[in-house]
Amino acid sequence: MGNQLDRITHLNYSELPTGDPSGIEKDELRVGVAYFFSDEEEDLDERSQPDKYSVKGSSSPGQEPPTHHHPLVLNETQFSAFRGQECIFSKVSSGPQAGDLRVFSVSALSALCKPGDLLELLYLGPSDHPPPPPHWAVYVGSGQIIHLHQGQIRQDSLYEAGAGNVGRVVNSWYRYRPLVAELVVQNACGHLGLKSDEICWTNSESFAAWCRFGKREFKAGGELQAAAGTQHQQQYYLKIHLAENKVHTVRFHSLEDLIREKRRIDASGKLRVIKDLAIVDGKE
């Protein structure tokens with residue numbers, strides 16, 4: 001898969017690294033299996049995705065999107081991510097890091113947005129078709145978004161790009177300090193029209209997050225540039241939250257690889273994740 005994964009394991013909350021300086025030592029964290037969902041397609045970047053987030057999107061037959069007064073709560077995989085012992089990402093519905101994971105119809109979502117917001121759009125298509133990974137975009141005002149889609153950074157109407165989908169504002173998921181809204185919009189607008197080899201982000205999430213936080217780690221190869229000349233390479237940990245306070249942890253050497261794997265798992269669906277991890281359990 002190209003990701004620099006070590007091994008995968010099954011740990012209780014108390015065994016995992018936290019932001020608490022008094023937490024466990026790094027050598028106490030066991031990490032297990034060197035692959036994840038090896039039968040999935042090779043690379044879920046924006047260039048290989050169907051055109052579900054362009055202005056040609058439409059509602060699925062017989063599917064009613066949620067209204068503003070009735071937001072939807074999805075049965076989805078939840079994650080948190082750490083750089084060393086520092087929490088840098090949290091998408092969980094319970095515990096001290098809990099956030100609001102509700103989604104809204106796109107028509108309702110536009111009323112909740114401000115320029116500079118990060119948006120996540122999710123495709124709710126037929127259950128027998130695997131969905132693409134969640135699609136991220138920067139809201140730039142007047143109902144418009146800028147996003148990386150199919151190898152191009154483009155501006156579209158939020159309502160048209162998200163037709164038939166649901167979405168949410170995800171400003172708080174990454175724990176980095178955001179830039180001011182004007183700079184977020186400027187970052188997005190400054191890259192409009194870039195295509196293919198001109199783009200240094202591998203997916204819509206990395207591009208949108210870079211616009212808001214300005215950190216080079218979101219760029220392809222940015223981690224290697226940041227680590228040049230340093231003696232030790234930083235470790236990242238992705239925690240996949242399961243039932244009964246159990247988690248699986250995967251270790252990475254870059255934020256870019258962590259985001260790729262998180263999106264791959266998201267596209268697999270929660271039931272598929274639990275099934276595959278149960279197979280891993282049975283082999284140990």
Side-chain angles (χ1 to χ4, degrees), residues 1-5 36 40-49 52-53 77 79-83 87-91 116-123 131-140 145-156 161 167-179 183-227 234-238 250 252-267:
M1 290 181 357
N3 290 345
Q4 297 182 17
L5 308 183
F36 219 118
E40 295 293 333
E41 55 265 35
E42 292 184 359
D43 199 7
L44 292 174
D45 67 11
E46 299 307 311
R47 302 173 196 179
S48 62
Q49 292 306 314
K52 291 190 171 96
Y53 299 106
T77 310
F79 305 95
S80 57
F82 292 79
R83 183 181 182 185
C87 182
I88 61 170
F89 178 90
S90 180
K91 177 195 171 184
D117 280 350
L118 289 186
L119 305 183
E120 182 188 58
L121 301 176
L122 300 101
Y123 176 71
H135 190 73
W136 286 48
V138 176
Y139 185 76
V140 295
I145 60 170
I146 293 178
H147 57 148
L148 170 57
H149 180 60
Q150 294 187 327
Q152 179 180 359
I153 296 176
R154 51 190 286 175
Q155 180 170 328
D156 286 310
R168 52 194 165 195
V169 178
V170 293
N171 292 336
S172 63
W173 287 10
Y174 281 101
R175 299 307 176 93
Y176 299 116
R177 178 178 296 180
L179 303 173
L183 285 179
V184 178
V185 173
Q186 180 178 318
N187 281 342
C189 292
H191 293 81
L192 271 175
L194 292 186
K195 297 181 180 179
S196 301
D197 295 340
E198 301 173 303
I199 296 173
C200 55
W201 299 274
T202 56
N203 54 69
S204 63
E205 179 175 341
S206 293
F207 169 69
W210 175 85
C211 290
R212 182 166 175 84
F213 302 106
K215 297 187 72 67
R216 70 169 66 187
E217 289 88 344
F218 288 109
K219 293 185 175 183
E223 202 83 15
L224 298 177
Q225 299 173 27
Q234 186 59 257
Q235 296 290 323
Y236 290 87
Y237 302 91
L238 177 65
V250 192
F252 300 85
H253 297 305
S254 73
L255 180 60
E256 177 190 8
D257 285 342
L258 183 150
I259 291 173
R260 279 174 176 252
E261 189 64 14
K262 178 174 69 68
R263 292 171 60 77
R264 186 185 300 273
I265 296 169
D266 254 333

Can you check whether S90's main-chain N or O pairs, donor with acceptor, with S80's side chain at less than 3.5 Å?
-> no
Check whether any side-chain heavy atom of I199 lies under 4.5 Å from a side-chain heavy atom of F207, and answer yes or no.
-> no
Spacing of C200 atom SG and K219 atom NZ [to the nearest 0.5 Å] = 4.5 Å
Can you find a heavy atom in the side chain of L255 that is under 4.5 Å from one in the side chain of I88?
-> yes
Quick one: pull up CG in D266 and OG1 in T77 and give me the separation to the nearest 0.5 Å.
-> 6.0 Å
Do you know which two heavy atoms are closest between D156 and A161, and how far apart they sit?
-> CB-CB, 4.1 Å
Given the options E205, K91, K215, Y174 meets side-chain contact (heavy atoms from CB on, under 4.5 Å) only with E205
Run the side chain to side chain contact (heavy atoms under 4.5 Å, CB included) check on R263 and S204 step by step: do they pass?
-> CA-CA 10 Å; R263 292 171 60 77; S204 63; 3.7 Å; yes
Would you call E198 and K195 a salt bridge, taking side-chain N to carboxylate O under 4.0 Å as the test?
-> no
For the pair W173 and L118, evaluate side chain to side chain contact (heavy atoms under 4.5 Å, CB included) and give the outcome as yes or no after the intermediate values.
-> CA-CA 10 Å; W173 287 10; L118 289 186; over 6 Å; no
Taking all non-hydrogen atoms of both residues into account, name the closest pair between L148 and N203 and its distance.
-> CD2-O, 3.5 Å
Over all atoms of both residues, closest heavy-atom pair of G116 and V185 = N-CG2, 3.7 Å
Looking only at heavy atoms, what is the nearest atom pair of C211 and V138, with distance?
-> CB-CG2, 3.8 Å
Rounded distance [0.5 Å steps], OH in Y236 versus CG in L258 = 8.5 Å
Can you measure from CG (L238) to CD (E261) and round to the nearest 0.5 angstrom?
-> 7.5 Å
In this structure, which one of Q155, H135, Q152 forms a side chain to side chain donor-acceptor pair (under 3.5 Å) with H147?
-> H135
Please step through ring-ring contact (aromatic ring centres under 6.0 Å, His included) for the pair F218 and W210, ending with a clear verdict.
-> CA-CA 6 Å; F218 288 109; W210 175 85; 9.1 Å; no
Hey, what do you get for CZ (F89) to OH (Y176), rounding to the nearest 0.5 Å?
-> 11.0 Å
In this structure, CD1 of I146 is separated from CZ of R154 (nearest 0.5 Å) by 12.0 Å
What's the shortest heavy-atom distance between E256 and T202, and which atoms?
-> OE2-CG2, 3.2 Å
Looking only at heavy atoms, what is the nearest atom pair of Y123 and P132, with distance?
-> CD2-CD, 4.0 Å
Which residues pass the side chain to side chain donor-acceptor pair (under 3.5 Å) test with R168, sequence neighbours left out?
-> E76, E120
Name all residues meeting the side chain to side chain contact (heavy atoms under 4.5 Å, CB included) criterion together with V169; count only those two or more places apart in sequence or in a different chain, and write none if there are none.
-> L109, C113, D117, L119, N171
